[in-house]
Amino acid sequence: MLKRKRIVGGCYLFLCLVVFFLFLPSVVFSYDSASNDLKKYISTLEEQSARYGWTDIKPGAISWEYYRTTKSKHPLVFTHFGNSTGNCILFLGGVHGDELPTVYLMIKLADYVKDNQSLFKDKCIVIAPLVNPDGFLSASPARVNTSGVDLNRNFPTRDWQAKAIRQWIAKGKNKRYYPGAKPASEQETLFQVALIKRFKPQKILSIHSPLNFFDYDGPSSDLNSFEQWMEKICKEANHPLKKFGYYPGSLGNYAGHERNIFTLTLELPSSDPKHSSDYFQKFQPSILKFINLPVVGLPPHIKIINN
Ligand SMILES: [Zn+2]
């Protein structure tokens with residue numbers, strides 16, 4: 001009886017080993033192929049950066065993560081700094097692929113945080129520098145993604161079904177603002193939603209161009225404090241503050257209005273890539289102040305402290 005058990009056990013172990021070695025190549029292969037795809041993507045980004053004269057950013061030096069790809073098979077990458085699992089700030093760049101300097105600013109910020117990690121030990125900083133790689137890397141950079149969707153109109157906001165398509169039609173069906181056939185239809189939107197769900201940021205900074213202002217959305221409970229803080233920051237940066245409002249499917253609506261996250265939009269003065277380095281210098285102090293802005297509580301009950 002004992003011998004029989006041993007034989008059965010041995011067969012079971014043998015079977016497990018066979019299954020393990022049968023599947024091992026596919027696991028190794030998929031890991032290698034993901035890592036090769038990432039390497040290829042980063043070198044494409046480096047080539048594109050060189051074309052724009054962005055010689056002082058180092059996309060290859062950052063440790064990127066990705067779990068999703070776009071329709072054109074570009075990895076949707078992000079990086080994460082700091083030891084804290086709470087108090088996260090999320091940065092989003094290149095949501096519109098033709099707003100070129102926004103991508104530079106986000107990679108430059110990632111370089112800066114990586115090179116000064118001791119300053120950000122107790123922080124949680126998540127940077128997704130290029131939400132719309134398909135638009136950014138297309139022969140002629142485009143606002144929309146490969147499917148022609150404006151990613152800042154595709155968030156699954158409560159008013160999307162009733163208003164997104166209707167407003168787009170009423171405003172003349174401009175292809176640059178197409179919200180998609182349904183909410184969250186795009187991988188790039190799901191990517192941003194997943195980052196918000198995973199990191200539960202209390203603060204978000206999304207960078208756009210070329211409208212030249214700061215805009216914000218946030219928790220109704222403490223919007224006044226945020227507004228006062230914004231006024232101070234705008235004065236210091238000599239950059240106008242404008243309450244631009246939000247749209248069906250926009251980030252300000254999804255994150256700021258519906259989820260009560262402090263959501264700041266920085267609109268750079270132009271989309272010209274040759275000004276990118278100047279813009280980083282101009283806005284770096286405001287960006288660092290936003291990282292350091294002390295906020296307590298979790299959405300929807302978050303507040304600025306010591307303001
Ligand atoms: Zn934009």
Side-chain angles (χ1 to χ4, degrees), residues 78-93 95 106 109-110 113 119-129 131 152 155-160 183-184 189-208 213-237 239 241-267 283-307:
F78 67 95
T79 188
H80 175 208
F81 297 101
N83 296 328
S84 173
T85 50
N87 273 306
C88 280
I89 179 163
L90 170 64
F91 288 94
L92 302 167
V95 172
M106 291 292 90
L109 178 68
V113 176
L119 298 177
F120 304 100
K121 266 194 312 226
D122 60 337
K123 302 281 187 288
C124 162
I125 300 170
V126 183
I127 303 173
V131 173
N152 203 30
F155 278 92
T157 54
R158 289 193 287 265
D159 58 357
W160 200 99
T189 310
L190 294 170
F191 166 57
Q192 295 175 87
V193 167
L195 288 175
I196 292 170
K197 282 193 176 151
R198 172 172 164 187
F199 292 102
K200 300 179 179 53
Q202 291 166 311
K203 299 175 282 187
I204 297 177
L205 175 56
S206 183
I207 305 203
H208 289 258
F213 56 72
F214 274 118
D215 173 34
Y216 60 94
D217 294 287
S220 50
S221 58
D222 202 24
L223 197 58
N224 287 347
S225 315
F226 193 42
E227 214 163 72
Q228 282 163 19
W229 182 82
M230 281 304 310
E231 279 166 12
K232 205 170 78 188
I233 291 300
C234 289
K235 234 178 247 167
E236 285 165 9
H239 197 57
L241 179 63
K242 194 170 172 184
K243 195 77 187 82
F244 199 60
Y246 48 79
Y247 294 89
S250 74
L251 174 77
N253 191 352
Y254 180 83
H257 172 63
E258 290 188 358
R259 279 158 190 77
N260 295 298
I261 300 166
F262 286 120
T263 304
L264 174 57
T265 303
L266 165 57
E267 281 276 355
F283 294 106
Q284 186 189 21
S286 316
I287 291 171
L288 294 181
K289 279 173 197 161
F290 196 42
I291 291 175
N292 290 317
L293 175 71
V295 166
V296 287
L298 281 176
H301 305 293
I302 61 174
K303 275 188 179 301
I304 294 175
I305 48 168
N306 303 324
N307 186 30

Atom pair SG (Cys124) and NZ (Lys200), whose distance is rounded to the nearest 0.5 Å: 11.0 Å

Nearest-0.5 Å distance, CG of residue Asn253 to CD of residue Glu258: 5.0 Å

Beyond-backbone contact of Phe283 with Phe214, side-chain heavy atoms, under 4.5 angstrom: yes

Any residue meeting side-chain contact (heavy atoms from CB on, under 4.5 Å) with Arg198, in chain and number order, not counting sequence neighbours: Glu65, Tyr67, Phe78

Side chains of Gln228 and Ile304 in contact at under 4.5 Å (non-hydrogen atoms): no

Set of side-chain hydrogen bond (donor to acceptor under 3.5 Å, both in side chains) partners for Ser250, sequence neighbours left out: none

Nearest heavy-atom neighbours spanning Pro183 and Pro156: CB-CA, 3.7 Å

Under 3.5 Å donor-acceptor pairs involving side-chain atoms of residues 289-300, not counting sequence neighbours:
unit_1 : atom_1 : unit_2 : atom_2 : d
Lys289 : NZ     : Glu236 : OE1    : 2.5
Asn292 : ND2    : Leu288 : O      : 3.1

Gap between atom CD1 of Ile125 and atom NE2 of His80 - 0.5 Å precision: 9.0 Å

Donor-acceptor under 3.5 Å (Gln192 side chain, Val131 main chain): no

Test item: Phe155 and Thr189 side chains (from C-beta on) under 4.5 Å apart, heavy atoms: yes

Any Pro248 side-chain heavy atom under 4.5 Å of Asp159 side chain: yes

Nearest-0.5 Å distance, OG1 of residue Thr265 to CG of residue Leu92: 9.5 Å

Step-by-step side chain to side chain contact (heavy atoms under 4.5 Å, CB included) determination, Ile127 to Phe81: CA-CA 9 Å; Ile127 303 173; Phe81 297 101; 4.1 Å; yes

Closest heavy-atom pair and its distance - Asp122, Leu119: OD1-O, 4.5 Å

Close side-chain approach of Val95 to His208, heavy-atom, < 4.5 Å: yes

Contact check, side chains of Tyr246 and Thr157, non-hydrogen atoms, under 4.5 Å: no

Rounded distance [0.5 Å steps], SG in Cys234 versus CG in Leu241: 4.0 Å

Reference residue Ile204; test side chain to side chain contact (heavy atoms under 4.5 Å, CB included); the match among Val126, Leu195, Ile196: Ile196

Inter-residue atom distance Leu264.CG - Leu205.CG, 0.5 Å rounding: 5.0 Å

Heavy-atom pair with the smallest gap, counting every atom of Ser286 and Ile233: CB-CG2, 3.9 Å

Sole candidate of Lys242, Glu267, Met230, Lys243 that passes side chain to side chain contact (heavy atoms under 4.5 Å, CB included) when paired with Asp215: Lys243

Criterion ring pair (Phe, Tyr, Trp, His ring centres under 6.0 Å) against Phe262, the qualifying member of Tyr216, Phe226, Trp229: Phe226

For Thr79 against Ala110, the heavy-atom pair lying closest together: CG2-CB, 4.3 Å

Donor-acceptor pair, side chain of Asp217 and main chain of Ala255, under 3.5 angstrom: no

